[in-house]
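Since this is a predicted model, take the numbers as computed values, not measurements. Below, read A as the first sequence line, B as the second, and so on, with proteins coming before strands; counting in each chain starts at 1. Computed from heavy atoms alone, side chains included, the values below leave out hydrogens, waters and symmetry copies.
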Amino acid sequence: MERYNPKKIEKKWQDRWEKEGAFGVRDESKKPKYYVLDMFPYPSGQGLHMGHIENFTATDILARYKRMCGFSVLHPMGWDAFGLPAENYAIKTGIPPQETTSTAIHNFRRQIQAMGLSYDWEREVGTQTPEYYRWTQWLFLVLYKNGLAYKKEAKVNWDPVDNTVLANEQVLPDGTAERSGAKVIQKDLEQWFFKITDFVQELVCDLDTVDWPQSTVQNQRNWIGRSEGSEIEFEFDGFDGGVRVFTTRADTLMGATYIVFSPEHPQLQEIKNKIKNWKEVESYIQEARNKTDRDRISEKGEKTGVVLDGVSVKHPLKDETLPVFVADFVLSHYGTGAIMAVPAHDERDWEFATKYGLNINRVIVPEDGSVISPDTPYLTEGVLTYSGEFDGMTSAEAKEAITKKAKGALKVSYRLRDWLISRQRYWGCPIPIVYDPDGNPHPIPDEHLPWLLPDDVEFVPHGTSPLAQSKELQERTERIFGKGYRCEVDTMDTFVDSSWYFFRFLDPHNDTEFADKQRIAHWMPVDLYMGGAEHTVLHLLYARFFTKALQTLGYLDFGEPFAKLRHQGIVLGEDHNKMSKSKGNIVNPDVVVDAYGADTTRMYTMFLGALEDTKPWNSENIIGVHRFLGRVWGVVDVFLSQKDAQQTVGDDVLRVQHRAIKKVRNDIESLRYNTAISALMEYVNVLLKHPYSVEQVRVLLVLLAPFAPHITEELWERIGEKESIHSQPFCKYDESYLVFDSATIVVQVNGKVRGTITMPLDADKEATQQEAIKHSNVKKYLENKKDIDTIFVPNTLINFVF
RNA sequence: GCCGUGGUGGCGGAAUUGGUAUACGCAGCGGACUUAAAAUCCGUGCCCGAAAGGGAUGGGAGUUCGAGUCUCCCCCGCGGCACCA
């Protein structure tokens, strides 16, 4: 038989699998289901990167394994195809995004097929197709009709380079846009929002019910930012009404010395005739409005504010009045938009109080009675002092007691805000809303969906949405709805497209529903979802929100879409840095596949290290996996040439064989592919040194099939099998081969290893001890020793201690 | 600053409940085959030491007969959040 040459076999099998539709779902009803899903890629012009290869290979191994274990496996692939890069490219070159996207998708599909990935191509979806976005629009309208999508004027993040509004999530901590890198500015615009905050409780609680990486759950929690506290009212002194504040430290109420409004607080307008210095206050508010949240902080931490002249409030539990300020360090969108300041126990309030010469009343001391510095705020909880009847209480006790006494209420606040989905861009899903001549919004009726994206637009941005220039769109709108109607010209954030695609895969060609109810009931939730950790906040939060919204509206009977989630780690360049064009360390999958074949590329990517770890690529190490496949080829070659000779297979070989089966099974189930591959290597190393027969060859090929689908299919055929190896049942192990009749026991003296002995299985302490002291290297340490204790662990270890 | 996560040979990395640290692979070294090279195969393989032995899992302490694994303190890397009261 000739040498192993992947070029000669991989294409052959890929073509055959495609022709036979080998990986479509069959037998949906009889077998247990398994839905294994990849985060679908944005089809960029660069083609697949190593992260995709790692991601897709990992799920492919599991999909193939589950099929062999008798599951009906749903394993689809699609394209998150709307988005800025294609549009920006169009602005530069004039080539329409439709064209570049279609080219990119072709290239992605070619690369994916060259990897031998077992997707069900019948179910391919692309978010940019009218068949798909028709249902994105339907989803928008469902939310709209149920009050979960609304339009309001809002201060929004405006990206002056991409000429679009951004979600908070798309603005980096330094105040620049994630995409363009431009400094984001503030602008007041009418925008569409989804009411994700309606589901905030479930979004937090249900995190307890999913099998997700700890860090991802934690990131979601951080983002949602739940905190328990109290709402307490401070009445105005001399006129009706009061200021409600939110605090998590009600225990410090007796130390509150002033009140601060955020500049956007609506109550300021209501009481403006009481404010003697309104002019000054108003100009401060105006100034603050022009700043981003980021700007407000980054001014070297220096806090600014203006006192409200003529306004003060009564302390709810003390006979005191407190001054009131407006200051932009207080956020309008969190809590009640106003705070009680306790400078003795809050860094920000301390800073502000120091600057403006305000009172600082310490009311908490450490529980252990230690002395604290008078020059800094004391931030930790402790015991109350100077708090009248509450003195001596701990912070925890006082929070409730003080809230009650002050006629406040316990309250939970969240950091999460509603999701702004309007984008002033072309290459996205049109928002299916028309405005009548009076400017009132109306949903576009179902019969006009999909509401098509026009193609008579220029791509160069003008600061308005590109759709506004489309003659066809305006004519269409007036033809259908009447003279004077105009339609919404913003498109949706592409995260909307990608937040429900996992439903569409269940029923991609359905033109009456987003997906058939029975199919949803059958396949959901996703059993394993795999993708990059960069989506731990946005995509996953939005997908969970949609699922919960659809559940509430009766379309689903579950609230969490992804039962189990895992992230593949980042594949670094050979220099241990993140792959990037500028570093010139990008490993191109096409080049690797061309050099070694898909099977080697798949296996090496999995052999790099633990799936979830960040690990560097190494172009020298890959040869090891390639050699391994060459040896597998050799094992079969030897078998074929000696087929007629009678081979006696030793028990040692059988034991290794069954151990390998068990290890490979367990490791695949727990996604530890690197060690599964090691086990296969050990098995092959043993076969190369001992006689084996057809059984060992079959086991080897079946175990290896999920990892290296081409070579195993080829060799399976060569040993005379007629059916595809990928429809064979996966190997089972026989426990009796894993039980040994003797055990190697480690002999230690004072905890140091001095030798090993072999004992019958389950030998008792007495027998083991007697055998151990005969060991020459042990004997010399035990001579002339008295009071020897013996620690004995059956079948494992004996330790002499003195 | 807060939350999470990680630190093991020259390199990538293994190590069920605490029980022979370094599996598997790369590179290295020695050898076989070959006119030669490539490819392939066999052997070797943490450090110090001639050996006996001793020392090693970021650093330091502790629990234990026994610690990569458990506890505490510190250092460093990575990810997230950060004026959220």
If I pick the P atom on B:G19 and the same atom on B:C70, what distance separates them, to the nearest angstrom? 11 Å
Phosphate oxygens OP1/OP2 of B:A82: is one of them under 4.0 Å from a side-chain N or O of A:R415? yes
Taking A:R3 first and then A:D637, would you say they form a salt bridge - that is, a charged N and a carboxylate O separated by under 4.0 Å? no
Measure NZ/A:K411 against P/B:A85 and give the value in whole Å, please. 13 Å
Can you pull every protein N or O that's under 3.5 Å from an N or O on nucleotides 51-55 of chain B?
unit_1: B:G53; atom_1: OP1; unit_2: A:N777; atom_2: OD1; d: 3.4
unit_1: B:G53; atom_1: OP1; unit_2: A:K780; atom_2: NZ; d: 3.1
unit_1: B:G53; atom_1: OP1; unit_2: A:Y781; atom_2: OH; d: 3.1
unit_1: B:G54; atom_1: OP1; unit_2: A:R754; atom_2: NH2; d: 3.3
unit_1: B:G54; atom_1: OP2; unit_2: A:R754; atom_2: NH1; d: 3.1
unit_1: B:G55; atom_1: OP2; unit_2: A:K752; atom_2: NZ; d: 3.4

Do A:K303 and A:F329 meet the cation-pi criteria used here (NZ or CZ under 6.0 Å from the six-membered ring centre, within 45° of the axis)? yes
Show me the donor-acceptor pairs, under 3.5 Å and distance only, between side chains in residues 625-632 of chain A and residues at least two apart or in other chains.
unit_1: A:H626; atom_1: ND1; unit_2: A:T600; atom_2: OG1; d: 2.9

Give the rounded distance in Å between these two atoms: CG of A:D667 and P of B:C24. 15 Å
Is the phosphate of B:C41, meaning OP1 or OP2, less than 4.0 Å from a side-chain N or O of A:R631? yes
Between B:C11 atom C1' and A:I623 atom CD1, what is the distance in whole Å? 16 Å
With sequence neighbours excluded, what pairs up with A:E620 under the side chain to side chain donor-acceptor pair (under 3.5 Å) test? none
By nearest-nucleotide position on RNA chain B, the 5'-leaning member of A:D346 and A:S215 is A:S215
Can you measure A:N219 atom CG to B:C2 atom P for me and round it to whole angstrom units? 17 Å
Say we look at B:G54 and B:G58: how far apart would their P atoms be, to the nearest angstrom? 23 Å
What is the per-nucleotide protein-contact pattern of nucleotides 12-19 of chain B, from the 5' end, where B denotes a base atom under 4.0 Å from a protein heavy atom, S denotes such proximity for sugar-phosphate atoms only, and - denotes neither? BSS----B
Using the P atoms only, state how far B:U64 lies from B:C2, rounded to an integer number of Å. 32 Å
Quick one: A:F329 CZ to B:A85 C1', roughly how many Å, whole number? 9 Å
Excluding sequence neighbours, so at least two apart, what forms salt bridge (Lys or Arg N to Asp or Glu O under 4.0 Å) with A:D764? none
For residues A:H576 and A:K615, determine if any side-chain heavy atom of one lies less than 4.5 Å from a side-chain heavy atom of the other. no
Can you give the dot-bracket line for RNA chain B, using ( ) for pairs inside the strand, [ ] for pairs that cross earlier ones, | for pairs with another strand and . for unpaired bases, where Watson-Crick and G-U count if both distances are under 3.5 Å? (((((((..(((......[....))).(((((.......))))).(((....)))..(((((..]....))))))))))))....
Residue pair A:R627/A:S678 against RNA chain B: nearer the 5' end by closest nucleotide is A:S678
Can you tell me how far C1' in B:G30 sits from the matching atom in B:G18, rounded to whole Å? 40 Å
